[in-house]
Amino acid sequence: MSAERRQSGPFRAGDRVQLTGPKGRLNTVTLEPGKVFHTHRGMVDHDALIGQPDASVVTATNGDEYLALRPLLADFVMSMPRGAAIVYPKDAAQILGLGDIFPGAKVVEAGVGSGALSLWLLRGIGPTGSLLSFERRPEFADVARGNVVSFLGAEPSNWTVTVGDLVESLPSAVEPGSVDRIVLDMLAPWECLDVVADALTPGGVLLCYIATVTQLSRVAEAVRGTGLFTEPLSSETMVRGWHVEGLAVRPDHRMVAHTGFLITARRLAPDTVPPQLKRRLSKSDYSDEDVEAWTPGALGERSVTDKRLRKTARQAQATADHAVAAEENSQPEAP
């Protein structure tokens, strides 16, 4: 079965639909025959949506009109079940750009979380590429699989999810120098640099997504210390929307500000010594004790309870089952 999402056409059972009410509030539902979407003002029959074209308007029992749209990937990842914090669309777009994710690329991802970045990477590499995802926690891996299948209708044949530690699992999963891009979304990416360097092809891109300035500093120094990569480049992305209505043109009162830092570097060819950069001496130095204070334990990691993870995994799997069933029912019968 193909894992290519249907991007257009009439709504059918199993589709996720985004309903926008008269006050601009968004609700996402999975269409099921005979089901009803309830609001505090009225109800919308799923059957009234099934068979309608994308971007249609449906009327609730109280007369309110709702705009029905097939969610974009950016909409889907913001409303899907979460076991861990997701990579926001603004950061995912930068990862695809700064990481130069291209069709046919062989990409390694570590720290699957809820599968948001996996979906963006799968779209970037296309059907001819391959994505190898690694996740330490099996509950997160289950949530990610459920969300990916929910969006695509099937599990992609060019995507594998390995439950285990990247340092232990990557050397046996890929040939040395065979990976084009590696994306690390984890608490301590500096622990993986040796195996990452072995796996990357010369010129390949390493990209780390990290949350705090202490992590940023330690990753940058660790990358420099290996002598195996180009000078690391660091950035963050902030998006500010604007209210534009007639002559009332102003920035929105709220914005998506800091979510994480991106740091990129490229793998040097074996035995290559890069030219020394001329930089001023630092005004302050740091000791081993300072570095120890930046360990994952000292940084602090927000944990998700096992009970919540099990519930989220069940939600993701239920949505995935609906998507798979809808895809199977839509296939023409064999003659």
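You'll find the side chain of Val179 stays beyond 4.5 Å of the side chain of Thr201, heavy atoms only. Annotation: side chain of Trp120 is in contact with side chain of Val77 (closest heavy-atom distance under 4.5 Å). Taking 4.5 Å as the limit, every side-chain heavy atom of Val223 sits out of range of all side-chain heavy atoms of Thr230. Residues Met80 and Ser114 have side chains in contact (heavy-atom distance under 4.5 Å, counting atoms from C-beta outward). The side-chain heavy atoms of Glu65 and Pro22, taken from C-beta on, include no pair separated by under 4.5 Å. Proximity of Leu19 to Leu67: side-chain heavy atoms (C-beta onward) are nowhere separated by under 4.5 Å. When side chains are defined from C-beta on, Ile182 does not count as touching Val205, because their heavy atoms never get closer than 4.5 Å. In this structure the side chain of Leu187 reaches within 4.5 angstrom of the side chain of Gln215, judged on heavy atoms.
With hydrogens and angles left out, the side-chain atoms of Gln315 and Thr312 include no donor and acceptor closer than 3.5 Å. Under 3.5 Å, the side chains of Ser118 and Glu109 contain a donor-acceptor pair of N or O atoms. Remark: the Asp91 side chain and the Thr259 side chain contain an N/O donor-acceptor pair separated by less than 3.5 Å.
In terms of hydrophobic clustering, with Ile, Leu, Val, Met, Phe, Trp and Tyr side chains grouped at heavy-atom distances under 4.5 Å, Val213 and Met186 are assigned to a common cluster. Both Leu98 and Val256 belong to a common hydrophobic cluster when Ile, Leu, Val, Met, Phe, Trp and Tyr are linked at side-chain heavy-atom distances under 4.5 angstrom. At a threshold of 4.5 Å between side-chain heavy atoms, the hydrophobic network of Ile, Leu, Val, Met, Phe, Trp and Tyr places Leu49 and Val57 in two separate groups. Taken together through direct or relayed side-chain contacts under 4.5 Å among Ile, Leu, Val, Met, Phe, Trp and Tyr, Val149 and Val143 form parts of separate hydrophobic clusters. Cluster annotation: Val108 and Val112 are assigned to distinct hydrophobic clusters (Ile/Leu/Val/Met/Phe/Trp/Tyr, side-chain heavy-atom contacts under 4.5 Å, transitive).
Atoms SG and CG, from Cys192 and Asp165 in turn, are 6.5 Å apart once rounded to the nearest 0.5 Å. In this structure, the separation between CD on Glu32 and CD1 on Ile50 is 9.0 Å, given to the nearest 0.5 Å. Atom CD in Glu191 sits 7.5 Å away from atom CZ in Arg218 (nearest 0.5 Å). In this structure, CG in Leu262 is found 5.5 Å from OG1 in Thr237, a value given to the nearest 0.5 Å. Rounding to the nearest 0.5 Å places CG of Leu69 at 14.0 Å from CZ of Arg16. Once rounded to the nearest 0.5 Å, the distance linking OH of Tyr66 with CG of Asn27 reads 7.0 Å.
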message: Walk me through whether Leu207 and Ile263 qualify under side-chain contact (heavy atoms from CB on, under 4.5 Å).
response: CA-CA 6 Å; Leu207 188 148; Ile263 183 168; over 6 Å; no
message: Test side-chain contact (heavy atoms from CB on, under 4.5 Å) on Val17 and Thr28; report intermediate values, then the result.
response: CA-CA 6 Å; Val17 176; Thr28 303; over 6 Å; no
- request: Just do the salt bridge (Lys or Arg N to Asp or Glu O under 4.0 Å) check on Arg41 and Asp64 with the steps written out, would you?
  value: CA-CA 8 Å; Arg41 291 170 54 86; Asp64 284 348; 2.7 Å; yes
- request: Start with the C-alpha gap between Tyr209 and Leu184, add the side-chain angles, then the distance that decides, and say whether side-chain contact (heavy atoms from CB on, under 4.5 Å) holds.
  value: CA-CA 6 Å; Tyr209 178 71; Leu184 303 181; over 6 Å; no
message: Could you walk me through whether His46 and Val36 satisfy the side-chain contact (heavy atoms from CB on, under 4.5 Å) test, starting with their C-alpha distance in whole Å, then the side-chain angles of each, then the deciding distance to 0.1 Å, before giving a yes or no?
response: CA-CA 6 Å; His46 288 206; Val36 176; 5.5 Å; no
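Between the side chain of Asp47 and the backbone N or O of Gly34 there is at least one donor-acceptor pair closer than 3.5 Å. Counting only distance, with no hydrogens or angles, the side chain of Thr61 and the backbone of Met43 share a donor-acceptor pair below 3.5 Å. With hydrogens and angles disregarded, no donor-acceptor distance shorter than 3.5 Å links the side chain of Asp198 to the backbone of Val195. Between the Ser178 side chain and the Val174 main chain, no donor and acceptor come within less than 3.5 Å of each other. The backbone N or O of Gly203 sits less than 3.5 Å from a side-chain atom of Arg266, completing a donor-acceptor pair. The backbone N or O of His243 lies less than 3.5 Å from a partner atom in the side chain of Asp252, making a donor-acceptor pair. Listed for the Gln52 side chain is no donor-acceptor partner under 3.5 Å among the backbone atoms of Phe11.
Environment of CD in Glu245: sparse, with no more than 12 heavy atoms of neighbouring residues, nucleotides or ligands closer than 6.0 Å. In this structure, Arg136 places its CZ atom where only 12 or fewer heavy-atom neighbours from other residues, nucleotides or ligands lie under 6.0 Å away. Within a 6.0 Å radius of CD in Glu236, other residues, nucleotides and ligands contribute more than 12 heavy atoms. By the neighbour-count criterion of 12 heavy atoms within 6.0 Å, atom CZ of Arg250 is densely surrounded, having more than that number from other residues, nucleotides or ligands. Within a 6.0 Å radius of CE in Met255, other residues, nucleotides and ligands contribute more than 12 heavy atoms. In Lys35, the NZ atom is not crowded: 12 or fewer heavy atoms of neighbouring residues, nucleotides or ligands sit closer than 6.0 Å. In this structure, His253 places its NE2 atom where only 12 or fewer heavy-atom neighbours from other residues, nucleotides or ligands lie under 6.0 Å away.
Minimum heavy-atom separation, Leu166 to Ala110: CD2-CB, 3.7 Å. Considering every non-hydrogen atom in both Gly246 and Val249, the closest pair reads O-CG2, 3.7 Å. The two atoms that bring Val161 and Ala141 nearest to each other are CG1-CB, 3.9 Å, heavy atoms only. Of all non-hydrogen atoms in Leu131 and Leu122, the two that sit nearest each other are CD2-CG, 3.8 Å. Between Ala316 and Asn147, the closest heavy-atom pair is CB-OD1, 3.8 Å. In this structure, Phe134 and Ala173 approach most closely via the heavy-atom pair CZ-CB, 3.9 Å.
Between Arg310 and Glu139 no salt bridge is recorded (no basic side-chain N to carboxylate O distance below 4.0 Å). With respect to Arg70 and Asp15, a salt bridge is recorded, a charged nitrogen being found less than 4.0 Å from a carboxylate O. For Glu221 and Arg224, the salt-bridge test passes: some basic side-chain N is under 4.0 Å from an acidic carboxylate O.
Note: Phe76 and Phe151 have tilted aromatic rings, judged against thresholds of 30 and 60 degrees for the angle between ring planes.
Checked options Leu121, Val148, Leu152, Leu132; the residue passing with Trp159 is Val148 (criterion: side-chain contact (heavy atoms from CB on, under 4.5 Å)).
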